[in-house]
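Remarks on the structure that follows.
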Amino acid sequence: MPADVVARELLGRALVRRIRGKRVALTILETEAYLGPHDLACHAARGRTTRTEVMYGPPGTLYIYFVYGLHWMLNVVTGAEGEPAAVLIRSAGGVSGPARLTRTLRIDGALNGRLAEPGSGLWFETGKGSCKAIATPPPRIGVDYAGPRWSARKLRFLVAVAKREAR
DNA sequence: GCAGTGATCATA
DNA sequence: ATGATCACTGCC
């Protein structure tokens with residue numbers, strides 16, 4: 001599925017992590033879509049490399065990478081096998097910021113390339129009730145390197161209520 | 001505002 | 001082997 005579609009659908013769903021047998025579930029509040037090789041902000045735009053390899057896996061594959069020498073980023077692959085598109089989970093359960101989220105849930109490279117399956121280390125569940133994304137999505141964060149055309153694209157998605165609370 | 005921190009990738 | 005870059009955070 002296209003990453004922007006999945007990015008919207010993930011809003012309001014539960015991100016579930018198993019930590020030493022304990023279950024921790026957080027409601028996803030913010031996501032970003034990375035559409036594929038043609039999207040210059042997408043890592044796959046730089047080709048198929050060691051790092052991006054897992055993006056070419058089946059949908060549901062976790063793409064977790066390390067940036068700035070400090071932070072782990074959690075993504076889930078959305079494209080069919082061979083089509084590198086993914087969604088970055090930026091915030092969930094009131095934990096804002098993608099790196100703080102992974103730190104909270106103890107997510108690191110050990111999960112990279114694994115499938116997000118129920119009962120595994122990390123998976124997604126349908127949230128209860130409906131959840132509206134804000135009408136006009138804002139642009140993605142930290143992707144200026146992709147040039148104005150792609151950095152301005154409205155591919156960041158937030159739960160509508162989260163926007164009000166964030167004020 | 002900007003330092004910190006190290007994997008990754010291009011270049012050689 | 002070297003250097004630039006980086007889908008960020010926390011502190012100034």
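The structure presented is a predicted model; accordingly, all values stated were derived computationally and were not measured. Just so it is clear: chains get the letters A, B, ... in the order the sequence lines come, proteins before strands, and each one is counted from 1.
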Nearest whole Å is fine: how far is [N] [atom2] from [X] [atom1]?
| X | N | atom1 | atom2 | answer |
| --- | --- | --- | --- | --- |
| A:Ile107 | C:dA7 | CD1 | C1' | 15 Å |
| A:Phe66 | B:dT5 | CZ | C1' | 7 Å |
| A:Tyr65 | B:dG6 | OH | P | 18 Å |
| A:Arg48 | B:dT8 | CZ | C1' | 17 Å |
| A:Tyr34 | C:dC6 | OH | C1' | 12 Å |

What residue pairs, at least two apart or across chains, pass salt bridge (Lys or Arg N to Asp or Glu O under 4.0 Å) with a residue in [range]?
| range | answer |
| --- | --- |
| residues 52-76 of chain A | A:Arg48-A:Glu53 |
| residues 104-114 of chain A | none |
| residues 14-24 of chain A | A:Arg23-A:Glu125 |

- Connected-component partners of A:Leu115 among ILVMFWY, side-chain separation under 4.5 Å: none
Atom pairs and distances, side-chain donor-acceptor, residues 86-102 of chain A, under 3.5 Å, sequence neighbours left out:
{"from": "A:Arg90", "atom 1": "NE", "to": "A:Glu30", "atom 2": "OE2", "distance (Å)": "3.3"}
{"from": "A:Arg90", "atom 1": "NH1", "to": "A:Glu32", "atom 2": "OE2", "distance (Å)": "3.4"}
{"from": "A:Thr102", "atom 1": "OG1", "to": "A:Trp72", "atom 2": "O", "distance (Å)": "2.8"}
{"from": "A:Thr102", "atom 1": "OG1", "to": "A:Pro98", "atom 2": "O", "distance (Å)": "3.4"}
{"from": "A:Thr102", "atom 1": "OG1", "to": "A:Ala99", "atom 2": "O", "distance (Å)": "2.9"}

- Hydrophobic cluster identity match, A:Leu122 and A:Val77, side-chain contacts under 4.5 Å: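 As far as the 4.5 Å side-chain criterion goes, A:Val77 and A:Leu122 are not connected within one cluster.
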- Item | Test side chain to side chain donor-acceptor pair (under 3.5 Å) applied to A:His43 - qualifying residues, sequence neighbours left out |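 If we apply the side chain to side chain donor-acceptor pair (under 3.5 Å) test to A:His43, skipping adjacent residues, the hits are A:Tyr63.
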- Message: Measuring from atom OG1 of A:Thr61 to atom CG of A:Asn75, what distance do you get when rounded to the nearest 0.5 angstrom?
- Response: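 Result: 11.5 Å between the selected atoms.
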- Query: About how many Å separate CD1 of A:Ile28 and SG of A:Cys131, when rounded to the nearest 0.5 Å?
  - Reply: 9.5 Å
- Residue set satisfying side-chain contact (heavy atoms from CB on, under 4.5 Å) with A:Pro137, at least two apart, ordered chain then number -> A:Arg8, A:Lys154, A:Phe157
Output one line per pair: protein atom, nucleotide atom from nucleotides 9-12 of chain B, and distance, for all N/O pairs under 3.5 Å.
{"from": "B:dC9", "atom 1": "OP1", "to": "A:Thr49", "atom 2": "OG1", "distance (Å)": "2.3"}
{"from": "B:dC9", "atom 1": "OP1", "to": "A:Arg51", "atom 2": "N", "distance (Å)": "3.1"}

- Query: Hey, are the side chains of A:Tyr65 and A:Val54 touching, using non-hydrogen atoms and a 4.5 Å cut-off?
  - Reply: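 No. Closest side-chain heavy atoms not under 4.5 Å.
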- Which residues within residues 135-146 of chain A lie with some heavy atom under 4.0 Å of an atom in DNA chain C?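 Per residue number, the list reads A:Ile141, A:Gly142, A:Val143, A:Tyr145.
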- DNA chain C contacts made by residues 68-79 of chain A, counting heavy atoms under 4.0 Å: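 DNA chain C contact set from residues 68-79 of chain A: A:Tyr68, A:His71, A:Met73, A:Asn75.
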For residues 139-151 of chain A, run the donor-acceptor check on the side chains, cut-off 3.5 Å, and write out each pair with its distance to 0.1 Å, sequence neighbours left out.
{"from": "A:Arg140", "atom 1": "NH1", "to": "A:Ala33", "atom 2": "O", "distance (Å)": "2.8"}
{"from": "A:Arg140", "atom 1": "NH1", "to": "A:Asp39", "atom 2": "OD2", "distance (Å)": "2.7"}
{"from": "A:Arg140", "atom 1": "NH2", "to": "A:Asp39", "atom 2": "OD1", "distance (Å)": "3.1"}
{"from": "A:Arg140", "atom 1": "NH2", "to": "A:Trp150", "atom 2": "O", "distance (Å)": "3.1"}
{"from": "A:Tyr145", "atom 1": "OH", "to": "A:Ala41", "atom 2": "O", "distance (Å)": "2.9"}
{"from": "A:Ser151", "atom 1": "OG", "to": "A:Gly147", "atom 2": "O", "distance (Å)": "2.9"}

- Query: Of the nucleotides C:dG10, C:dT9, C:dA7, which one has an atom closest to the side chain of A:Arg103?
  - Reply: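 Nearest to the side-chain atoms of A:Arg103, counting from C-beta on, is C:dG10.
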- Query: Looking only at atom types and distance, does a side-chain atom of A:Asp4 sit under 3.5 Å from a main-chain N or O of A:Leu155, one as donor and one as acceptor?
  - Reply: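 Pair absent, no side-chain N/O of A:Asp4 close to backbone of A:Leu155.
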- In which stems does DNA chain B show up, taking only runs of three or more Watson-Crick or G-U wobble pairs whose two distances fall under 3.5 Å?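 Only these stems qualify: B:1-4 with C:8-11, B:6-11 with C:1-6.
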